[in-house]
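We name chains A, B, ... by the order of the sequence lines, and we start the count at 1 in each one. These numbers come from the heavy atoms of this one structure, side chains and all, not from hydrogens, waters or symmetry mates.
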There are 2 protein chains.
Amino acid sequence: MTLEQQCINAGLKMTEQRRVILRVLNGSDDHPSVEVVYQRAKESDPTISIATVYRTLHLLDEMNLVKRHDFRENYSRFEVNLEHHHHLIDLETGEVIEFQNKELEEIKDRIAAELGYELVDHRLELYGKRKR
Amino acid sequence: MTLEQQCINAGLKMTEQRRVILRVLNGSDDHPSVEVVYQRAKESDPTISIATVYRTLHLLDEMNLVKRHDFRENYSRFEVNLEHHHHLIDLETGEVIEFQNKELEEIKDRIAAELGYELVDHRLELYGKRKR
DNA sequence: CTAGCTGCAAAACATTTGCATTTCG
DNA sequence: CGAAATGCAAATGTTTTGCAGCTAG
């Protein structure tokens, strides 16, 4: 189901601004900041306001249609919520590499259980330099 | 070696304010925010400024005497840099539980290596609810 | 028609910084 | 004494919000 359809199902009004933002997000395979989403959205609709971008991303995050990240910059980045994965951030270029690891998933569940917790969410980020 | 001694060795002036902040940090086994460090410091020295707390924590972070964390709140928390460990954050109480796991360390090194990276830093946080 | 959205500008926050003054070494 | 540190208040940068007008359903 498309992002747009999911929003409609949730009872949201499908405004032109939201359509533009959703299209931008669908077309982004990176991890854009609010500012970047705003810039991309302005290409389709120059009158859109950054406040609307903030409001929409916040909404989508709450609906779990988008995932908010903080990669130790002083702002948030967002990505369309696909399959579960983690990130390796290249400290020299800022490039973000995605990866998955099954073992990791097992271990973190086990750790939480051992501590008497039910795991709701987690995050793992690696920060590194490219080997040459 | 004490935090104070390490600061002196690094060529920092040991001012009254710094002594107070370092004492607060040594006496904190939790993960206080800047505001909390400031409040605790004011008990010893009511004239201390929050700007000094910010400056000092920033300095200590750069010197790796303290570790800055972001637990998805809208501010940073700090902890005295002891042994390497990770955190489980109780989503209901905000309580932060520390843990270590050897397997995890091996896996993350391996993942970075496989991606062609040299691991500089990383973070792992679990967010959960207490089982009852 | 009207509840929900938007744009705008102002507010809110955490954090940083310029500058005059104070202090450690 | 002089470089470094402090306090204060103003500035910064991101994010949120009040409000009046607009629009999807």
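With sequence neighbours left out, the salt bridge (charged side-chain N to carboxylate O under 4.0 Å, His left out) criterion links A:Glu79 to no other residue. Remark: A:Asp29 pairs with no residue by the salt bridge (charged side-chain N to carboxylate O under 4.0 Å, His left out) rule, at least two apart or across chains. Residues that satisfy the salt bridge (charged side-chain N to carboxylate O under 4.0 Å, His left out) test with B:Glu73, not counting sequence neighbours, are B:Arg77. In this structure A:Lys67 satisfies the side chain to side chain donor-acceptor pair (under 3.5 Å) test with no other residue, sequence neighbours excluded.
Minimum heavy-atom separation, A:Val36 to A:Pro32: CG1-CB, 3.6 Å.
Comparing the axis of the opening five pairs of the helix from C:dC1-D:dG25 to C:dG25-D:dC1 with that of the closing five pairs yields an angle of 30°, rounded to 10°.
Under the 4.5 Å side-chain heavy-atom criterion for Ile, Leu, Val, Met, Phe, Trp and Tyr, B:Tyr127 and A:Leu124 are members of distinct hydrophobic clusters. Under the 4.5 Å side-chain heavy-atom criterion for ILVMFWY residues, no single connected hydrophobic cluster contains both A:Leu88 and A:Leu91.
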Write down the protein N/O and nucleotide N/O pairs, taken from nucleotides 23-25 of chain C, whose separation is under 3.5 Å; answer none if there are no such pairs.
from: C:dT23; atom 1: O2; to: B:Lys13; atom 2: NZ; distance (Å): 3.1
from: C:dC24; atom 1: O2; to: B:Lys13; atom 2: NZ; distance (Å): 3.0
from: C:dG25; atom 1: OP1; to: B:Met14; atom 2: N; distance (Å): 3.0

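Atom NZ of B:Lys102 has 12 or fewer heavy atoms from other residues, nucleotides or ligands within 6.0 Å.
Heavy-atom contacts of chain A under 4.0 Å fall on DNA chain D between two terminal nucleotides, which in 5' to 3' order are D:dT14 to D:dG25.
To the nearest angstrom, C1' of C:dT15 lies 12 Å from CG of B:Asn74. For A:Glu73 and C:dT15, the CD to C1' distance is 17 Å, given to the nearest whole Å.
The stretch residues 27-62 of chain A comes close to DNA chain D through A:Ala51, A:Tyr54, A:Arg55, each having a heavy atom under 4.0 Å from the strand.
Rounded to the nearest 0.5 angstrom, A:Glu103 CD and B:Leu104 CG are separated by 10.5 Å.
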Let me check something: any side-chain donor-acceptor pairs from residues 112-122 of chain A under 3.5 Å, sequence neighbours excluded? List them with distances.
from: A:Tyr117; atom 1: OH; to: B:Asp90; atom 2: OD2; distance (Å): 2.7
from: A:Asp121; atom 1: OD2; to: B:Arg72; atom 2: NH1; distance (Å): 2.8
from: A:His122; atom 1: NE2; to: A:His84; atom 2: NE2; distance (Å): 3.3

Do any side-chain atoms of residues 4-17 of chain A form donor-acceptor pairs under 3.5 angstrom with protein atoms, and if so which ones, sequence neighbours left out?
from: A:Glu4; atom 1: OE2; to: A:Arg19; atom 2: NH1; distance (Å): 3.4
from: A:Gln5; atom 1: NE2; to: A:Asn9; atom 2: OD1; distance (Å): 3.0
from: A:Thr15; atom 1: OG1; to: A:Arg18; atom 2: N; distance (Å): 3.2

Please tabulate, for the side chains in residues 48-65 of chain A, all donor-acceptor contacts under 3.5 angstrom to protein atoms that are two or more places apart in sequence or on a different chain.
from: A:Ser49; atom 1: OG; to: A:Ala51; atom 2: N; distance (Å): 3.0
from: A:Thr56; atom 1: OG1; to: A:Thr52; atom 2: O; distance (Å): 2.7

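Applying the salt bridge (Lys or Arg N to Asp or Glu O under 4.0 Å) test to pairs two or more places apart or on separate chains, those with a residue in residues 34-52 of chain A are A:Asp30-A:Arg40.
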